[in-house]
Amino acid sequence: MNDYQPEIFEPRAQQQWEKDQRFAAREDAPGDKYYCLCMFPYPSGALHMGHVRNYTIGDVLSRFQRLNGRNVLQPMGFDAFGLPAENAAIKNKVPPAQWTYANIDDMVAQLKQLGFGYDWSRQVITCKPEYYRWEQWMFTRLFKKGLAYRRNAVVNWDPVDQTVLANEQVVEGRGWRSGALVERREIPQWFLKITDYAQELLDGLDSMDGWPDSVRTMQRNWIGRSEGLELSFDVEGDRAPLTVFTTRPDTLYGATYMAVAAEHPLAEEAAASNPELATFLQECKTVQAAEAAMETMEKKGMSLGINAIHPMTGKPVPIWVANFVLMSYGTGAIMAVPGHDVRDGEFARKYGLPIVQVIAPTDGQQVDVQAEAFCEHGVAINSDDYDGLSSEQVFERMADHFEKTGRGRRQVNWRLRDWGVSRQRYWGCPIPIINCPDCGDVAVPEQDLPVVLPENVEFTGVGSPLHTMDEFIQCKCPQCGSDARRETDTFDTFMESSWYYARYACPGSDDAMLDERADFWTPVDQYIGGVEHAILHLLYARFYHKLLRDEGLVNSDEPFTNLLTQGMVLKDGYKMSKSKGNTVDPKGLIEQYGADTVRLFAMFAAPPEQSLEWSEAGVEGASRFLKRLWKLVNEFAQDGIAGDIDAAALNAQQRALRSETHNAIAKVTDDFARRHTFNTAIAKIMELVNALSKFDDNSEQGRAVAAEGWKAVLVMLAPITPHIIEPLWPMLSAQGVHDQRWPEADADAMQRDQITIVVQVNGKLRARIECEPGQSRETLEATARQEDNVARFLEGKTVRKVIVVPDKLVNIVVT
RNA sequence: GCCGGGGUGGCGGAAUUGGUAGACGCGCCGGAUUCAAAAUCCGGUUUUGGAAACAGAGUGGGGGUUCAAGUCCCCCCCCCGGCACCA
């Protein structure tokens, strides 16, 4: 018997799989299609533990479905455009393309070492023109449909480096390299009209049963549909009215001030004659574009000295400028109701603005809105004719009133904003637009695509190299032929990751973005990736799928039928990351222990949805289990291949082991297929291995029953540790390992001769009864009462109630 | 700040529909093997009291519902993810 030597049989197995093309997916293969997809990695260099975990889950599910006869597609690729390549380019003086391709080579080698069953012939690398040309093509289609448009939007501007910063590059309000205070700056940007699809994206969530409720809830809240009233306040003097949106028109009588954004024309007008105000407006601009920064910063404001006129009372309402009101969201102005909105209330108390209660609780309780805003619905007070009506009634009457007078209208408002797809960066997909001085923005014609990103560039880090490349910028207008300039913005990398899943289905398609194979494989049956993508990536991909559908490229409405969101990989309680310096390199682990051990530990340490705490000792444990399995199977197989089971001829011990085997099969099958809790599946398999190792019966039927158990162990482990099975299986069976199907639990074999019934007195455990299953309530109660320790607690007490849960528990309630 | 998730032995975690809290693994303790160690094998391991039988306590904190609560309800604390230019 050899020792467990994964360094020998793992590469051997991998070579065999590759030679047999075992994971090449074919549309004409037998079985229902099963498309299993893991979120593709950004090629940052080496694989990290999050990848190992993610891709092991995907491989386990793929191999499990394959064992169940499905026609599996499991592809892999690289999300190759992005910011880190630019940073690496600055640091190492290597062009982003070169760095990226080198990383991809390394990562492919590591993925192969881990034994993942991918169809590599379908690999997608998003920075290659043959991929992104279709993204550009699609964009030109959307542009022509009016779904892509350009408008001004806010970016983080570093005034020293003269460059746009990502939110990540802003540290405590300052540019990470220059240290300069970051400013908000408005520049022209390309957008996709995701808001046109807001209702469909929201409604779709209701029927997406294969997604976790948490993700659906997050997306629902993100889309944020609200019904309200848009209404306008006249402004003193000869000025345009202020239009605001409110979901609480029932609180209109409590509006005691207005607030506008720093960029609002009214604010700018007032600042012209007020230097103090001008200074404040300037200050408002040194705030990050990020929402979190906006929400957590100190709320500040200043009076404009201009009044609006309350549309109901005709009284003057002071207009303030506030740093938390943004010009780009809504109308750039809000009506403030400090008595019934938390933020308005805090602002009012800070600046001594009046607070008026206009809603009272329905139950008649007193509230003090001077101290704390009352935000619930209730009954109107201090609201003239509306007094005594419910919030809902006031809403309707207000809406009618404003629509009748033409001063407002009912409106559905969305929190969701259009998708800004412009990036002022080099390492991304060029936006296929030409700006002509006469014709304006013109889409690059189909025959001129792709607009190829030059890869051989000198990268300094100050601005995009594209800005200074005349040969890239200078072009002719496709419409009028005059001199024009090419767009130098590139796409948000979420654009690439919004359709790659469909492109995997169509390798080699040079004439179209997608062909009919896309509809064969999509929607993805199982999508797996980090929780951190719960909103942005997954919402954009859902949106893009609908764009593909409306372009006639796919038939389905949603791209991902089932979603599994895996938790983070932690070390010492922190997210494993380069910046924390607490990474564990999978490469060394694979070399030391083998791929099976790494995969086994990753699946055993925690259920997929939870965060996983990394532990070297745990890896040791996984390795020990595989060594033990290796030894035990070798020992068992020394006496040759066992014969068949004769169920009628089994003794009690043999029946008990067989019951364990089949109960384990049932449990593990459920864990794999429904719960995706591979940790408990592995625990059950370990229990079965423990039982098999203790089972010492060399009779013919004893060996037959044990062999059934060992074979079940190997097949059930195969998705997780696919390598060790290859050399072990032939020791137990004359049949080939790849002809095996997932084992089925036999209901008769699962039956147990003896079960344990729990006996409680007043809910406290007092005894256990061993008996055959299926005892009547009366028998169970009588047996329970006879237990010494039970009788002891019943003595001198009156039995009030006896609860019997058949085959489970007896609870005797006494006083 | 807002939205979502989580908190159970020394550690990772289990308990699936309200029904034995701590499966399985790690670590630790004891034993076997060994000249010795590593490796391996066997046994023990929530905690307090007890030789044991057994009893008391116990799932972030506080309250509640129930014959029965880690699980359901209310309030609070802490940790993690996302917040639209990291991917």
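The sequence lines fix the lettering, A, B, ..., with proteins before strands; numbering per chain opens at 1. Remember, it's a predicted structure, so these values are computed and weren't measured experimentally.
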(request) Specify the separation, in whole Å, of atom CH2 of Trp157(A) and atom P of C85(B). (result) 17 Å
(message) In whole Å, measure the gap between the C1' atoms of U8(B) and U71(B) for me.
(response) 12 Å
(message) How many whole angstroms separate atom CG of Asn87(A) from atom P of C85(B)?
(response) 17 Å
(request) Report which part of the nucleic acid Ala292(A) touches: base, sugar-phosphate, or nothing (heavy-atom distance under 4.0 Å, all strands). (result) base
(request) Could you give the distance separating G22(B) and G12(B) at their C1' atoms, to the nearest angstrom? (result) 13 Å
(request) Check if the side chain of Glu291(A) and the base of C2(B) share a donor-acceptor pair of N or O atoms closer than 3.5 Å. (result) no
(request) Return the nucleotide paired to A55(B): Watson-Crick means purine N1 to pyrimidine N3 with N6-O4 or O6-N4, wobble means G-U with N1-O2 and O6-N3, both under 3.5 Å. (result) U48(B)
(request) Using the closest heavy atom to pick a nucleotide of RNA chain B for each, name whichever of Ile535(A) or Glu295(A) lands nearer the 5' end. (result) Glu295(A)
(message) Does Phe625(A) reach a base, just sugar-phosphate, or nothing at all? Heavy atoms under 4.0 Å.
(response) nothing
(message) Nearest whole Å is fine: how far is C86(B) C1' from Phe40(A) CZ?
(response) 15 Å
(request) For the residue pair Ser178(A) and Asp161(A), confirm or rule out a side-chain donor-acceptor distance under 3.5 Å. (result) no
(request) Decide, yes or no, whether a salt bridge links Glu291(A) with Arg415(A) under the criterion of side-chain N to carboxylate O below 4.0 Å. (result) yes
(request) Walk me through it: do Asp671(A) and Lys667(A) pass the test salt bridge (charged side-chain N to carboxylate O under 4.0 Å, His left out)? (result) CA-CA 6 Å; Asp671(A) 283 350; Lys667(A) 158 79 176 155; 3.3 Å; yes
(message) Can you check the distance between C3(B) and C74(B), where both ends of the measurement are the P atom (answer in whole Å)?
(response) 15 Å
(message) Please encode protein proximity along nucleotides 9-16 of chain B as a string of B, S and -, counting only heavy-atom distances under 4.0 Å.
(response) ---BSSSB
(message) If I take atom CD in residue Gln219(A) and atom C1' in nucleotide C83(B), what distance separates them, rounded to the nearest angstrom?
(response) 14 Å
(request) Would you please classify the geometry between the Tyr501(A) ring and the Phe560(A) ring as parallel, tilted or perpendicular, with 30° and 60° separating the classes? (result) perpendicular
(message) Between U66(B) and C54(B), how many Å separate the two P atoms, rounded to a whole number?
(response) 32 Å
(message) For Phe678(A) and Phe672(A), take the angle between the two ring planes, folded into 0 to 90°, and tell me which bin it lands in: parallel under 30, tilted 30 to 60, perpendicular over 60.
(response) perpendicular
(message) Checking contacts here: which listed nucleotide (G4(B), A57(B), G81(B)) is nearest the side-chain heavy atoms of Glu532(A)?
(response) G81(B)
(request) Select base, sugar-phosphate, or nothing to describe what Leu83(A) touches, counting heavy atoms under 4.0 Å on all strands. (result) sugar-phosphate
(request) Supply the atom-to-atom distance Ser659(A) OG to Met750(A) CE, rounded to the nearest 0.5 angstrom. (result) 7.5 Å
(request) Indicate, with a heavy-atom threshold strictly under 4.0 Å, whether Ala290(A) touches base, sugar-phosphate, or nothing. (result) sugar-phosphate
(request) Starting at CD of Gln566(A), measure out to CG of Leu563(A) and round the result to the nearest 0.5 Å. (result) 11.0 Å
(request) Classify the nucleic acid contact of Met294(A) as base, sugar-phosphate or nothing, counting any heavy atom under 4.0 Å across all strands shown. (result) nothing
(message) Taking the minimum atom-to-atom distance to the side chain of Arg415(A), which one of G25(B), A84(B), A23(B) wins?
(response) A84(B)
(message) Check this for me, if you would: do Arg150(A) and Glu487(A) make a salt bridge, where the nitrogen-to-carboxylate-oxygen distance has to be below 4.0 angstrom?
(response) yes
(request) Scan Ser422(A) against the nucleic acid and name what it touches under 4.0 Å (heavy atoms): base, sugar-phosphate only, or nothing. (result) base
(message) How long is the straight-line distance from CH2 of Trp427(A) back to OG1 of Thr490(A), given to the nearest 0.5 Å?
(response) 10.5 Å
(message) What's Gln189(A) touching, base or sugar-phosphate or nothing? Going by heavy atoms closer than 4.0 Å.
(response) base
(request) Take the protein atom CE of Met39(A) and the nucleotide atom C1' of G81(B), then report the distance between them rounded to whole Å. (result) 13 Å
(request) Look at Arg423(A) together with Asp492(A) and state whether they make a salt bridge at an N to O cut-off of under 4.0 Å. (result) yes
(message) Counting the atoms with a prime plus P, OP1 and OP2 as sugar-phosphate, which does Val342(A) contact under 4.0 Å by heavy atoms, base, sugar-phosphate, or nothing?
(response) nothing
(request) Decide, yes or no, whether a salt bridge links Arg785(A) with Glu781(A) under the criterion of side-chain N to carboxylate O below 4.0 Å. (result) yes
(request) For Trp222(A), report the nucleic acid contact type (base, sugar-phosphate, nothing); a contact means any heavy atom under 4.0 Å. (result) base
(message) Taking only the P atom of each, what is the distance from G31(B) to A38(B) in whole angstrom?
(response) 13 Å
(request) Using the P atom as the reference point in each nucleotide, state the distance between C26(B) and G61(B) in Å, no decimals. (result) 29 Å
(request) Enter syn or anti for the glycosidic conformation of G9(B), syn applying to angles within 90° of 0. (result) syn
(request) Give one of base, sugar-phosphate or nothing for Gly420(A), where a contact means two heavy atoms less than 4.0 Å apart. (result) sugar-phosphate
(message) Angle between ring planes, Tyr55(A) versus His51(A), binned at 30° and 60°: parallel, tilted or perpendicular?
(response) parallel
(message) Between P on G82(B) and CG on Leu538(A), what's the gap in Å once rounded to a whole number?
(response) 13 Å
(request) Summarise protein proximity over nucleotides 39-54 of chain B in one line of letters, 5' to 3': B for base, S for sugar-phosphate only, - for none, counting protein heavy atoms closer than 4.0 Å. (result) -SS------------S
(request) Using a heavy-atom cut-off of under 4.0 Å over every strand shown, decide if Lys684(A) touches base, sugar-phosphate, or nothing. (result) nothing
(request) Give one of base, sugar-phosphate or nothing for His533(A), where a contact means two heavy atoms less than 4.0 Å apart. (result) base
(message) On RNA chain B, does the nearest nucleotide to Lys299(A) precede the nearest nucleotide to Tyr540(A) from the 5' side, or the other way round? Give the residue.
(response) Lys299(A)
(message) In this structure, how many angstroms lie between the P atom of C83(B) and the CD atom of Glu168(A), rounded?
(response) 10 Å
(message) Which nucleotide wins on minimum distance to the side chain of Val155(A), given the candidates C86(B), C85(B), A57(B)?
(response) C85(B)
(request) Could you tell me the separation between the CG atom of Leu765(A) and the P atom of G56(B), rounded to a whole number of Å? (result) 11 Å
(message) Between Asp213(A) and Thr217(A), is there a side-chain donor-acceptor contact under 3.5 Å, judged purely by atom types and distance?
(response) no
Close N/O contacts between protein and nucleotides 65-73 of chain B (under 3.5 Å):
from: C67(B); atom 1: O2'; to: Asn811(A); atom 2: ND2; distance (Å): 3.4
from: C67(B); atom 1: O2; to: Asn811(A); atom 2: ND2; distance (Å): 2.6

(request) Would you please confirm or rule out a distance under 4.0 Å between OP1 or OP2 of G4(B) and any side-chain N or O of Asn221(A)? (result) yes
(message) Main chain of Phe604(A), side chain of Asn679(A): is a donor-acceptor contact present, judged purely on distance under 3.5 Å?
(response) no
